[in-house]
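Let me begin by presenting the structure, written as structure tokens, before commenting on it.
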Amino acid sequence: MIKKILIANRGEIAIRVMRSCREMGIKSVAVFSEADRTSMHVRFADEAYFIGPAVAAESYLVIDNIIDAAKKSGADAIHPGYGFLSENAEFSDRCKKEGIIFIGPSSYAINTMGDKITARKKMQTASVPVVPGTTKPISNLKEAIKTVKEVGLPVMIKASAGGGGKGMRMVEKEEDIVSSVTAAKSEAMASFGNDEVYVEKYINSPHHIEFQILCDNHGNGIHLFERECSVQRRHQKIVEETPSPIMTDEVREEMGKHAVAAAMAVNYSGAGTIEFIVDDNLNYYFLEMNTRLQVEHPITERVVGVDLVKEQIRIANNLPLELKQENLTQNGHAIEVRIYAEDPDNNFMPNPGTIKHITEPLGLGVRHDGYVYEGYEIPMYYDPMISKLIVWAPSREEAIDRMKRALYAYKITGIKTSIPFLHKIMDVPDFKNGRYNTHFIQDNAKYLNKKVEPNNKIKDVAAIAAFVNYLSTLDENVNDSSATALKSNWKNFGRKKSLNRF
Amino acid sequence: MIKKILIANRGEIAIRVMRSCREMGIKSVAVFSEADRTSMHVRFADEAYFIGPAVAAESYLVIDNIIDAAKKSGADAIHPGYGFLSENAEFSDRCKKEGIIFIGPSSYAINTMGDKITARKKMQTASVPVVPGTTKPISNLKEAIKTVKEVGLPVMIKASAGGGGKGMRMVEKEEDIVSSVTAAKSEAMASFGNDEVYVEKYINSPHHIEFQILCDNHGNGIHLFERECSVQRRHQKIVEETPSPIMTDEVREEMGKHAVAAAMAVNYSGAGTIEFIVDDNLNYYFLEMNTRLQVEHPITERVVGVDLVKEQIRIANNLPLELKQENLTQNGHAIEVRIYAEDPDNNFMPNPGTIKHITEPLGLGVRHDGYVYEGYEIPMYYDPMISKLIVWAPSREEAIDRMKRALYAYKITGIKTSIPFLHKIMDVPDFKNGRYNTHFIQDNAKYLNKKVEPNNKIKDVAAIAAFVNYLSTLDENVNDSSATALKSNWKNFGRKKSLNRF
Amino acid sequence: MSYEIKVNDEVSDIKVLNRDGNLLEIAVDNRKYKVDIIEVEKGVYSILLNGVSFNIELISSGLKKYEVNTLYNSFDIEIIDAETKYMNSRKSGEDEDADYISTPMPGKIVKILVKEGDLVKGGETVVIVSAMKMESEYKVVNDRIIKQVLVKEGDNIEGNQPIIMLGEVEE
Amino acid sequence: MSYEIKVNDEVSDIKVLNRDGNLLEIAVDNRKYKVDIIEVEKGVYSILLNGVSFNIELISSGLKKYEVNTLYNSFDIEIIDAETKYMNSRKSGEDEDADYISTPMPGKIVKILVKEGDLVKGGETVVIVSAMKMESEYKVVNDRIIKQVLVKEGDNIEGNQPIIMLGEVEE
């Protein structure tokens with residue numbers, strides 16, 4: 001059985017994995033780059049090892065360094081989290097070769113699913129419906145134009161090695177084909193070290209719905225129902241929920257079976273996600289498989305009542321799945337929002353900086369998976385996501401109310417975050433009604449870009465607070481000898497315990 | 001419908017009620033004593049009003065002041081939380097008279113259940129089993145001795161108006177009768193303004209198991225299953241869980257019916273708790289009814305999936321219960337621990353002080369209901385409970401693992417807390433096996449008083465941290481002009497981004 | 001003790017009329033308030049105004065400038081004392097800031113698409129900067145001439161650092 | 001730069017042998033450590049020692065005294081510099097502190113059960129103090145004589161404040 005796990009990741013997911021390790025009595029080992037010495041995952045782990053410079057390509061993505069750290073620590077398994085090396089077949093193989101358990105699928109499954117084109121073919125063989133598109137990667141720009149015209153505009157250009165919206169471009173006009181392919185290739189190279197891209201037919205009014213699956217090494221496979229991930233900005237998910245508000249029991253069952261079949265087609269082992277693109281009539285097409293834990297896995301955990309990381313570890317321990325499809329149910333409704341360090345008023349520009357003050361939302365039905373703390377400086381080298389807020393309630397309506405309450409109570413100062421933007425999403429009629437697709441953000445710009453105009457009173461209250469702070473600071477800076485009386489006047493402001501009242 | 005609720009309380013419960021108010025779109029009004037101007041409930045509320053001096057008897061217990069604040073704010077309802085005026089019949093009546101909805105039962109129900117002796121008689125009439133004991137309050141010490149001898153030692157002396165272990169004394173020896181009765185009366189007077197006490201037969205190897213009930217104003221009553229509250233110190237609960245590890249389905253159903261019958265016998269309205277004392281053979285006796293929300297209500301919320309405060313408010317709005325007994329189930333296992341500001345190494349002495357640093361436990365299956373924050377000074381006037389940690393997992397075993405993980409991650413410095421003690425409880429074999437009764441703490445002293453002897457390494461690591469801090473501070477205090485070079489040597493210690501490595 | 005205070009771009013007079021412990025009578029222009037104000041955490045104030053509870057978080061930069069966060073708004077606030085007034089009076093009449101491209105956050109120069117002396121059309125991208133795994137294109141708004149390129153590809157830059165100086169195009 | 005450091009009641013020598021950024025070679029008595037140490041929050045240090053990650057929280061009282069919390073332990077630590085040594089050398093030879101009853105935390109005197117001149121038996125309660133809604137009885141350990149009662153019922157008291165002075169009973 002696994003006794004010590006190295007988590008080849010950082011941020012909230014590293015901590016989330018470590019929590020389950022601790023509950024299982026397994027030691028956790030962190031790795032960190034130069035930018036991450038003060039990061040919470042280093043502090044949270046039982047052990048921590050340095051793996052290189054800040055840039056991920058020289059640390060978190062360097063297989064040799066990770067393996068070295070694993071050997072140094074005596075870890076018998078590696079959990080890759082999401083991103084970084086989580087879908088790197090070479091890494092999966094290397095772990096195997098080194099006698100370290102890779103908590104994730106085989107290189108075969110990663111390679112087959114990781115290459116979107118091979119995956120499409122595999123799915124077609126397994127009778128899983130796929131989106132019309134290219135059957136091989138685009139090798140040059142001239143060919144790109146030809147291929148796009150064949151599939152027919154609008155199309156999506158996608159990185160073969162991709163995921164998470166990176167290296168992805170939509171093309172509507174012919175004159176944008178070249179620039180989009182170039183940009184997608186450049187981003188794909190920067191993000192994945194592989195610039196292969198391919199083309200897919202663009203589905204109108206598309207919903208992004210994915211199924212969580214678990215497969216063991218004994219031929220058992222189950223799904224843990226769907227997640228609705230259609231609220232996206234620049235193809236990046238920002239709000240996820242389960243159950244999907246458009247799902248029916250019939251389609252759910254059918255899609256679930258297709259999801260398990262998709263995973264089985266590559267002899268999958270571990271936790272994975274089958275992403276589907278779904279139209280308004282609930283026609284669905286296999287989009288891709290993410291051969292790892294997803295950012296949004298907690299909503300499934302909450303509604304199904306399963307710790308997915310523990311399941312991953314059990315499967316890696318070669319144990320058969322104890323969960324049975326027929327015993328699994330969706331209980332209530334869960335929503336996750338992703339909190340990014342970004343400026344919603346300035347085109348969602350990433351906004352790294354130092355956390356001055358943080359108040360985390362607590363209480364009934366709220367889970368908060370984060371990693372920042374007061375005084376922590378968010379590095380500019382990695383993803384700007386700083387935390388995830390997950391709420392549960394018996395009904396979708398109550399879950400939305402709860403999310404609004406949690407967002408209201410969640411305060412981070414020092415950096416700009418997406419919290420105000422997420423709060424607005426919860427109030428958009430299309431979201432409240434559950435009638436939305438991946439165009440939700442652009443379709444609802446009028447709600448989402450609306451500014452709350454402050455009234456005089458709130459402006460004055462803000463001014464009063466600043467003014468009182470200014471006067472207190474003035475007093476503190478006054479030289480003792482010259483004006484002791486004045487000094488005590490403001491410095492201890494608010495420290496008196498017994499007060500007169502108006 | 002209620003639009004604005006005044007919460008006649010402080011601390012975690014005030015904030016917990018406000019959270020549900022916010023989710024329901026109801027405005028919340030805080031009240032605060034002189035000691036509580038900086039308290040979180042004041043900051044969390046939409047409005048806040050001052051109600052008097054620090055001592056509760058001159059503020060939180062003064063009905064006139066609470067009513068004044070309600071009128072000033074225009075609140076149409078009052079939620080009393082637990083403790084303070086929550087079981088005060090006069091307050092319930094007064095609210096009614098003033099046209100303000102009291103979110104709790106009628107004075108009739110409070111009076112009947114609040115007076116333990118009347119309650120016993122009522123229960124006997126309703127065929128609910130009760131513990132043998134006195135039928136009227138003890139009026140003088142001579143009589144006390146006589147009565148105790150009649151019931152037979154050992155006995156419990158209890159405050160008629162009591163609850164929460166206050167004004168409660170166990171008597172085993174005859175010579176202790178007088179001192180115990182005197183002490184119980186004095187504590188009862190101080191805590192409840194009423195020094196009536198009564199005597200009950202002491203049950204051997206007793207389990208404290210209680211049932212959560214909800215009754216509306218339309219004759220509907222349901223129970224939301226049991227809570228096991230046998231882990232007590234000085235008759236104060238410190239760990240609660242649900243389901244009870246000793247419960248059977250048959251007894252649960254029977255006890256649930258008796259619990260509902262008990263509440264119905266006083267035409268109960270709202271949320272309440274029927275406490276039973278249960279022996280090892282699952283014989284159970286009505287102990288008392290708490291006519292309010294309990295501290296430990298969150299474990300029921302988690303396992304049954306119901307927001308009890310929302311239910312209270314709906315009932316107060318005169319709505320019929322939507323929950324049906326036949327649809328309710330217990331899903332998984334929940335455990336709550338209470339974190340007190342106290343020194344477990346010093347006879348659990350309350351340990352008020354200023355919170356220097358706090359790291360709250362987060363993640364899957366953890367709920368944290370607290371109210372303190374960094375820089376907050378815990379007042380010495382009120383209960384030393386600072387927060388509650390509630391965990392859920394599919395199984396009891398996993399819930400214990402999770403609680404240990406949460407306690408591990410929960411750090412509060414500046415004050416001593418019960419966290420290390422609670423951590424030890426989770427490791428006691430009797431607790432892990434679910435074989436414990438209210439003598440758990442004394443029976444397991446050998447586990448609970450055990451000290452972890454630090455090794456040299458951890459001592460040295462602590463010394464190194466202190467020494468480095470000392471050197472850094474020294475440098476900061478060096479005068480600029482004299483030694484700028486030295487100053488920069490330690491002051492910015494650890495602020496460097498690029499580091500050499502050994 | 002009367003001061004001026006600038007909230008975003010609006011200047012008001014502010015004056016403490018009376019103080020009793022943490023109870024304050026204060027006037028902002030001619031609007032008078034009685035507030036109960038207390039610093040509950042470093043930089044966090046709890047204010048009660050006619051019973052209504054406000055939480056105000058301050059991030060100060062220098063002695064007189066604040067970013068002030070209320071529940072739904074964020075304000076840039078500056079206390080204008082005699083010194084500031086003097087500085088402002090000296091400043092007025094000076095030219096505007098030089099025209100340059102900069103980024104609001106630290107990042108890395110991915111690609112520079114222009115060189116000194118280039119004429120660029122309004123809307124044309126001049127530089128691509130990467131920060132936190134996102135590439136952002138920086139464009140000129142109007143037709144401009146590239147006066148100077150201050151960085152090279154691969155450079156790490158600070159937020160608000162001038163990276164490309166722009167000149168007006170003569171018609 | 002060698003110091004003595006007192007951890008609870010044990011005194012050790014402590015000496016920085018080498019420092020490179022936040023990498024430190026340090027000796028405690030003759031035990032040598034290579035640590036990676038960094039202050040991650042005010043008063044919170046992250047220490048890596050042979051890969052093992054420690055979180056150490058310091059609460060300083062004065063310049064040289066600390067309460068230091070590790071995961072499962074809490075230590076009172078004092079840096080002993082020349083000044084402290086001098087103070088300690090002066091102190092030795094003085095009498096012990098006067099004998100008195102005090103409470104570890106602030107509270108309120110509920111009941112005083114003795115008066116000046118009373119002889120009390122060991123184990124007898126002399127005062128009841130209420131703090132945070134709990135009443136605690138304070139007893140004498142051995143037979144004692146009450147020398148002075150410094151408070152009266154209803155008084156609020158600070159932590160560690162002498163409340164009743166005790167004298168030895170002559171046999």
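Every chain is numbered from 1 and lettered A, B, ... according to where its sequence line falls, protein lines coming before strand lines.
Put simply, the side chain of B:Gln236 reaches to within 4.5 Å of the side chain of B:Arg338, judged on heavy atoms. Residues D:Asp118 and D:Ile145 form no side-chain contact, since every pair of their non-hydrogen atoms from C-beta on lies 4.5 Å or further apart. Side-chain contact between B:Met385 and B:Glu12 is present, with heavy atoms from C-beta onward closer than 4.5 Å.
Taking the six-membered ring where tryptophan is involved, the planes of B:Tyr376 and B:Tyr373 are tilted, since the angle between them lies from 30° to 60°.
Heavy-atom pairs under 4.5 Å with chain B were tallied for D:Val28, D:Ile128, D:Asn8; the largest tally goes to D:Val28. The candidate with the highest count of non-hydrogen atom pairs below 4.5 Å against chain B, out of D:Asn73, D:Val68, D:Asn156, is D:Asn73. Residue with the most contacts toward chain D among B:Lys459, B:Lys457, B:His423, B:Lys356: B:Lys459 (heavy-atom pairs, distance under 4.5 Å). Looking only at heavy-atom pairs under 4.5 Å with chain B, the residue among D:Asn55, D:Leu58, D:Ile56, D:Val7 that has the most is D:Leu58. Contact count against chain B (heavy-atom pairs under 4.5 Å) is highest for D:Tyr66 among D:Tyr66, D:Tyr33, D:Tyr72.
Residue contact with chain D, scored on non-hydrogen atoms closer than 4.5 Å, involves the backbone and the side chain of B:Pro352 alike. If you measure heavy-atom distances from B:Asn469 to chain D, the contacts under 4.5 Å come from both the backbone and the side chain. Using a 4.5 Å cut-off between heavy atoms, B:Ile378 touches chain D through its side chain atoms alone. Within the 4.5 angstrom heavy-atom criterion, only side-chain atoms of D:Glu10, from C-beta onward, approach chain B. At a 4.5 Å heavy-atom cutoff, the contact between D:Val44 and chain B is made by side-chain atoms alone.
A cation-pi geometry, defined here as NZ or CZ lying under 6.0 Å from the six-membered ring centre and within 45° of its normal, holds between B:Lys411 and B:Tyr408.
Side-chain atoms of D:Thr125 never come within 3.5 Å of backbone atoms of D:Val127 as a donor-acceptor pair (strictly under, hydrogens ignored).
Between B:Phe348 and B:Phe421, the gap from one ring centroid to the other is short of 6.0 Å.
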